[in-house]
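Okay, structure first, notes after.
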Amino acid sequence: MDSSPLDRTRAIDLLRTMETIRAFETRIEALFKQGLLPGFVHSCAGQEAIATGVCSRLDRADCITSTHRGHGHAIAKGIELDAIFAELYGKAAGACGGRGGSMHVADFSIGMLGANGIVGGGFGIAVGAAFAARYQRREQVAVCFFGDGAANKGTFHEALNFAGVHALPVVFVCENNRYAQFTAASRTTAVADISVRAAAYGIEGDSIDGNDLLAVIDATDRAVARARSGGGATLINMATYRHSGHYVGDAEQYRSREEVAASRSEQDPIQRFTAHIVAAGVVTESEIADVRLAVEARIDAAQQFAEAAPFPDPATAMRDVFTEAGS
Amino acid sequence: MDSSPLDRTRAIDLLRTMETIRAFETRIEALFKQGLLPGFVHSCAGQEAIATGVCSRLDRADCITSTHRGHGHAIAKGIELDAIFAELYGKAAGACGGRGGSMHVADFSIGMLGANGIVGGGFGIAVGAAFAARYQRREQVAVCFFGDGAANKGTFHEALNFAGVHALPVVFVCENNRYAQFTAASRTTAVADISVRAAAYGIEGDSIDGNDLLAVIDATDRAVARARSGGGATLINMATYRHSGHYVGDAEQYRSREEVAASRSEQDPIQRFTAHIVAAGVVTESEIADVRLAVEARIDAAQQFAEAAPFPDPATAMRDVFTEAGS
Amino acid sequence: MGSRRMTFGQATLEAMQYAMDEDPNVVVIGEDISWGGNFGQFRGLVDRYGPERVVDMPISESLIVAMAVGASAAGLKVVASMSFVEFTLGAMDEIVNQASKFRYMFGGQVSVPIVLRASDGVRGSSGAQHSSSLEGMFCNVPGLKVVAPSNGDDAKGLLRAAIADPDPVVYLEHKQITGQRSEVADGDHVVPLGSAKIVRPGSDISVVTYSNMVNHALVAAEELASLGVSVEVVDLRSLVPLDVATIAASAARTGVVLAAHESWTFGGFGAEILAQVRECVPDQSQLRTHRLGARSAPIPFSPTLEPAIVPGAADLVAEIRRILAV
Amino acid sequence: MGSRRMTFGQATLEAMQYAMDEDPNVVVIGEDISWGGNFGQFRGLVDRYGPERVVDMPISESLIVAMAVGASAAGLKVVASMSFVEFTLGAMDEIVNQASKFRYMFGGQVSVPIVLRASDGVRGSSGAQHSSSLEGMFCNVPGLKVVAPSNGDDAKGLLRAAIADPDPVVYLEHKQITGQRSEVADGDHVVPLGSAKIVRPGSDISVVTYSNMVNHALVAAEELASLGVSVEVVDLRSLVPLDVATIAASAARTGVVLAAHESWTFGGFGAEILAQVRECVPDQSQLRTHRLGARSAPIPFSPTLEPAIVPGAADLVAEIRRILAV
Ligand SMILES: Cc1ncc(C[n+]2csc(CCOP(=O)(O)OP(=O)(O)O)c2C)c(N)n1
Ligand SMILES: Cc1ncc(C[n+]2csc(CCOP(=O)(O)OP(=O)(O)O)c2C)c(N)n1
Ligand SMILES: [Mg+2]
Ligand SMILES: [Mg+2]
């Protein structure tokens with residue numbers, strides 16, 4: 001973790017992460033539409049600032065829990081691109097040996113405790129990780145990413161209450177993209193700003209523009225510092241927007257083309273960040289172009305790796321149900 | 001429902017209900033300690049003002065959901081004493097034919113939708129009843145009684161959020177007796193006053209002294225009026241104290257004798273109410289004594305009824321699993 | 001009356017409409033329900049009946065079921081979309097401790113007429129949390145009925161019966177067939193719960209099955225016919241109530257029973273089918289009973305692993321050949 | 001080494017202490033846990049190990065399990081008291097969708113060493129929500145181990161094994177025996193999961209059972225001995241893994257199997273036991289398989305109804321006499 005001001009190296013690092021997530025999601029979406037990927041996928045394009053900003057302030061040993069829309073979190077936390085790409089193909093070289101797929105990407109070696117196909121599944125797991133860190137006197141933080149829709153699950157309540165009682169080192173980050181599947185948050189959620197709910201648990205609440213990478217970083221710094229210093233949990237509402245449909249293939253009849261276009265053109269977190277760093281003279285346009293080229297090359301390589309990798313041997317299908325090797 | 005000021009008739013009605021609950025619980029506790037009752041029982045002695053005050057402001061058609069500590073709710077809502085007494089004995093003449101027992105006393109004909117052995121089980125059921133009333137354009141209210149401990153269940157959150165979104169005619173009444181089983185609320189609950197949580201659902205919160213019958217009535221009137229007029233749900237924290245242990249037999253090592261004694265002598269809702277009405281000249285001491293005598297006689301009669309009633313025939317054990325009669 | 005080709009999902013939609021037109025107290029609740037459901041099973045309902053009757057729910061599965069219980073005890077009939085069957089696990093307390101027990105433990109005072117519609121089964125790499133079949137759990141819970149149609153026509157008739165039923169019904173719709181087209185009888189019709197159907201008569205072995213495995217069994221039977229093997233396929237249609245008479249009669253005729261399902265073999269419903277056969281077929285001496293289901297693992301994502309855990313038509317063929325030694 | 005008389009609950013407490021003394025990463029969480037548990041199974045632990053290690057939880061069952069999953073994936077071993085087994089239903093999503101699948105779906109990256117202790121069974125009018133036995137559900141879930149001891153000595157050894165086990169274990173303690181005294185071996189000992197025990201040898205019939213039904217079976221066997229009937233009682237001790245070899249050997253010896261349990265017959269674990277017997281005993285021609293369990297109803301409160309639904313020793317005697325026609 002580097003808390004120095006935004007110099008060229010840091011800016012390029014941050015940009016590279018956001019661009020990598022965007023390029024990954026764009027590529028995956030294209031491959032899926034061509035019928036080349038199994039299962040189904042949820043793109044986080046448009047929401048890159050949150051994963052990137054938050055994870056940039058975490059140590060490797062800090063943990064995160066993620067969601068069905070979890071590629072960005074995994075990438076920002078540092079998963080190998082080859083491993084995540086191969087996982088989405090269901091290949092043996094995937095992060096989970098092809099067992100998990102898009103909704104279950106995980107890499108415990110970097111504290112990425114798993115995407116989760118169960119909405120709201122991460123709250124208690126993050127609390128458990130924070131509890132373990134506290135118990136073992138490790139100076140670690142757990143971050144739980146979740147959507148606005150997940151904030152209506154009972155698991156939210158149980159986890160935040162306990163985190164509040166025990167002042168656990170956990171940060172609850174709501175990626176509030178205003179929709180859960182095809183339903184606008186206002187139709188199912190009693191409050192617009194999820195951070196209002198912090199008061200119900202005696203914890204700190206914060207609310208920021210989640211498409212503003214620097215605002216994400218600032219809010220994360222405050223919350224992580226609080227967690228590490230024994231000040232307890234924080235609930236942050238980060239406003240954002242998803243550029244693509246709920247899943248790849250979604251007809252998106254629940255929102256207007258104008259709304260999507262406006263967000264893409266005015267709220268795109270990558271555009272906003274690049275505009276900022278160029279204007280501030282930290283990075284040049286051509287450096288940005290270089291980053292993009294390098295990222296594309298990296299994605300190409302990962303795709304090639306994934307495509308070339310073998311599928312798991314069906315004879316291994318019973319392995320790892322239990323810790324003793326299966327047959 | 002009578003919203004006139006506290007005249008003699010109303011005061012005696014209210015007192016009779018509280019005294020009936022107290023006498024019922026006292027008798028049940030004694031019978032249980034003698035080993036005469038099956039299963040286990042939870043006494044609500046000390047909390048009578050809440051059940052009595054709230055239910056006194058409801059119509060017969062209004063619904064309530066109750067808890068494992070539900071005898072008072074059932075009695076205040078108007079269950080036949082014979083039926084509840086026989087139910088606790090497991091007799092065929094019991095409110096549920098002896099199928100339910102203490103934790104499952106119900107009488108749907110008077111809107112008593114059941115005590116519940118699952119903590120937090122009533123939240124969604126009350127919301128469902130309120131939803132049905134709204135859908136069928138009935139001017140009805142649902143009241144959900146629950147304990148401070150239940151406020152940490154995820155079901156609380158899911159139900160209150162939905163009630164908030166749809167402004168449903170439901171009143172959530174927290175009987176905050178400061179303990180859940182043997183654990184003080186402060187050790188498991190992030191906020192002391194549960195009504196703080198109302199803001200998380202965009203509904204009204206209220207907090208009162210639940211041992212003050214008149215305060216209970218006032219708060220209920222406000223909430224019920226709001227519900228009936230389309231103003232939506234209310235969450236009320238009602239502070240109270242249980243005189244007995246969590247269940248009959250509880251060694252009560254988690255709280256001091258002094259604490260219990262102080263509450264019994266200073267906070268007893270019945271004593272406080274009688275002191276008030278006598279001081280106000282509404283009812284005389286001798287009228288109060290008459291009420292008590294009549295209540296004792298009624299409890300005696302119910303006990304005799306229950307003891308004399310036959311047990312269900314084992315041959316009927318498979319009835320009512322499904323609506324078609326079983327064998 | 002005639003019939004039309006439509007998807008299983010559309011067939012259920014017709015049943016919903018008959019039920020909703022008939023009884024204004026039938027309401028439908030579920031997440032994103034006004035957007036039509038994952039397989040179009042609810043498409044257009046909100047336009048026809050309005051958002052007060054077709055209610056979009058928050059992501060709050062335990063509330064969905066609890067609310068259905070409360071509303072149905074108060075006079076409504078509630079069809080709740082649970083989306084993927086794994087999400088019912090988040091409402092298991094409400095399903096088992098409340099819905100299934102309400103009528104009995106309250107001494108018959110109320111019924112709980114709710115239908116929980118849930119999509120189960122594998123559909124090509126949906127992963128461990130979106131591929132399971134959980135009827136093994138539901139069937140072990142007294143007070144729940146469990147329905148698992150294999151085709152659109154039955155789906156329509158069984159859903160009509162499920163909504164008309166006064167008690168809680170878990171209605172399982174297999175993901176792989178909800179979007180598939182088949183002939184569905186016109187007009188209103190009811191398939192009573194508890195009526196199995198012999199969808200292909202045969203004399204060498206009785207495959208007793210339900211849901212999409214019926215379709216696999218029909219494929220397998222066709223293939224085995226070319227080897228001279230005559231397979232009888234019994235489609236249970238509802239698991240609770242279970243039509244033991246039809247199973248027992250088939251078993252008595254063929255003498256060999258294979259209970260087959262997609263869900264896990266160990267502790268699964270196939271064992272119950274076989275136990276029933278053993279209890280009901282009078283002459284046990286010649287009877288042979290077998291079962292086929294998923295191996296005991298969560299359903300893997302990878303296209304090469306999924307079919308190694310969950311059986312399909314080819315596995316049925318292989319198992320029947322092994323059993324009959326052909 | 002000697003032994004001492006103590007309750008089943010106290011025996012488990014000894015196992016907890018050996019485990020906690022050995023490994024500082026073993027923590028215990030549960031509602032009111034510092035008050036010792038409903039049957040004293042946790043008494044004194046908080047004094048010995050402190051409130052950071054023996055943690056009182058809010059009434060938040062789904063959090064309890066999810067937190068156990070997260071904490072165990074992060075290096076702890078968590079024993080979670082679920083109190084009554086019906087409360088696990090409020091955490092079924094966490095048990096099935098997370099705990100049981102974590103290791104497999106993440107490709108073996110982590111294990112989830114948690115033990116969920118839950119009190120099941122009838123204990124005299126505890127009512128519909130506090131009397132059930134739910135092993136039928138748990139055993140159908142791949143990735144979960146399931147333990148159900150019948151006596152204090154096994155309870156101690158099996159709990160020791162469960163805590164040592166790297167995977168999620170559901171540890172079922174029957175309410176009727178948790179407070180009962182019996183001889184428990186001194187010192188540290190382990191009963192490996194998957195090892196059934198013949199607790200009474202016999203030659204006429206094999207009663208294959210577990211949990212408190214073992215005790216009923218022993219009573220029944222004693223009574224039947226006076227009629228000249230020799231009953232073998234097989235105590236499974238763990239249901240997953242299941243010691244099929246011991247069951248099959250007993251079945252082969254006696255030729256008649258009665259699978260017995262307190263939980264519901266229909267869709268229950270007894271059917272699985274019988275299916276295993278049919279699959280593993282080589283000579284099927286003379287084999288007879290039967291089962292006894294609860295009738296399909298929620299458990300009623302009334303003292304006259306409860307025993308009409310849930311079987312006990314007298315029902316076992318009657319059933320065995322019916323089967324053997326004596
Ligand atoms: C327990 C559960 N219920 C429902 C679903 C189906 N589902 C998948 S994503 C989703 C919407 C989630 O919305 P939100 O939390 O806002 O996340 P977003 O998709 O917007 O990132 C739903 C309802 C699920 N996966 N799990
Ligand atoms: C889901 C569930 N978890 C745990 C229990 C065990 N239990 C019964 S009563 C109780 C305490 C309830 O506390 P509170 O809600 O404050 O009600 P009170 O007993 O104080 O009236 C607990 C934990 C239960 N019955 N149901
Ligand atoms: Mg969202
Ligand atoms: Mg309390």
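Atoms considered below: every heavy atom in the structure, side chains included; atoms not considered: hydrogens, waters and symmetry mates. Letters A, B, ... are given to chains in the order of the sequence lines, protein chains preceding strands, and every chain is numbered from 1.
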request  = Could you list all the salt bridge (charged side-chain N to carboxylate O under 4.0 Å, His left out) pairs where at least one residue sits in residues 194-217 of chain B, not counting sequence neighbours?
outcome  = B/Asp206-B/Arg222, B/Asp209-B/Arg272
task = Write out, in numerical order, the residues from residues 150-162 of chain B with a heavy atom short of 4.5 Å from a heavy atom in chain A.
result = B/Ala151, B/Asn152, B/Lys153, B/Gly154, B/Phe156, B/His157, B/Glu158, B/Asn161
Proximity of residues 124-143 of chain B to chain A, residues having a non-hydrogen atom under 4.5 angstrom =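 None at all.
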A/Tyr247: side-chain contact (heavy atoms from CB on, under 4.5 Å) partners, not counting sequence neighbours = A/His42, A/Phe182, A/Asp250
note = Heavy-atom closest pair (A/Ala190 atom, B/Ala200 atom, distance to 0.1 Å) is CB-O, 4.5 Å
request  = Flag the one option from A/Thr189, A/Ile203, A/Val196 with the top tally of heavy-atom pairs under 4.5 Å to chain B.
outcome  =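 Winner by heavy-atom pair count: A/Thr189.
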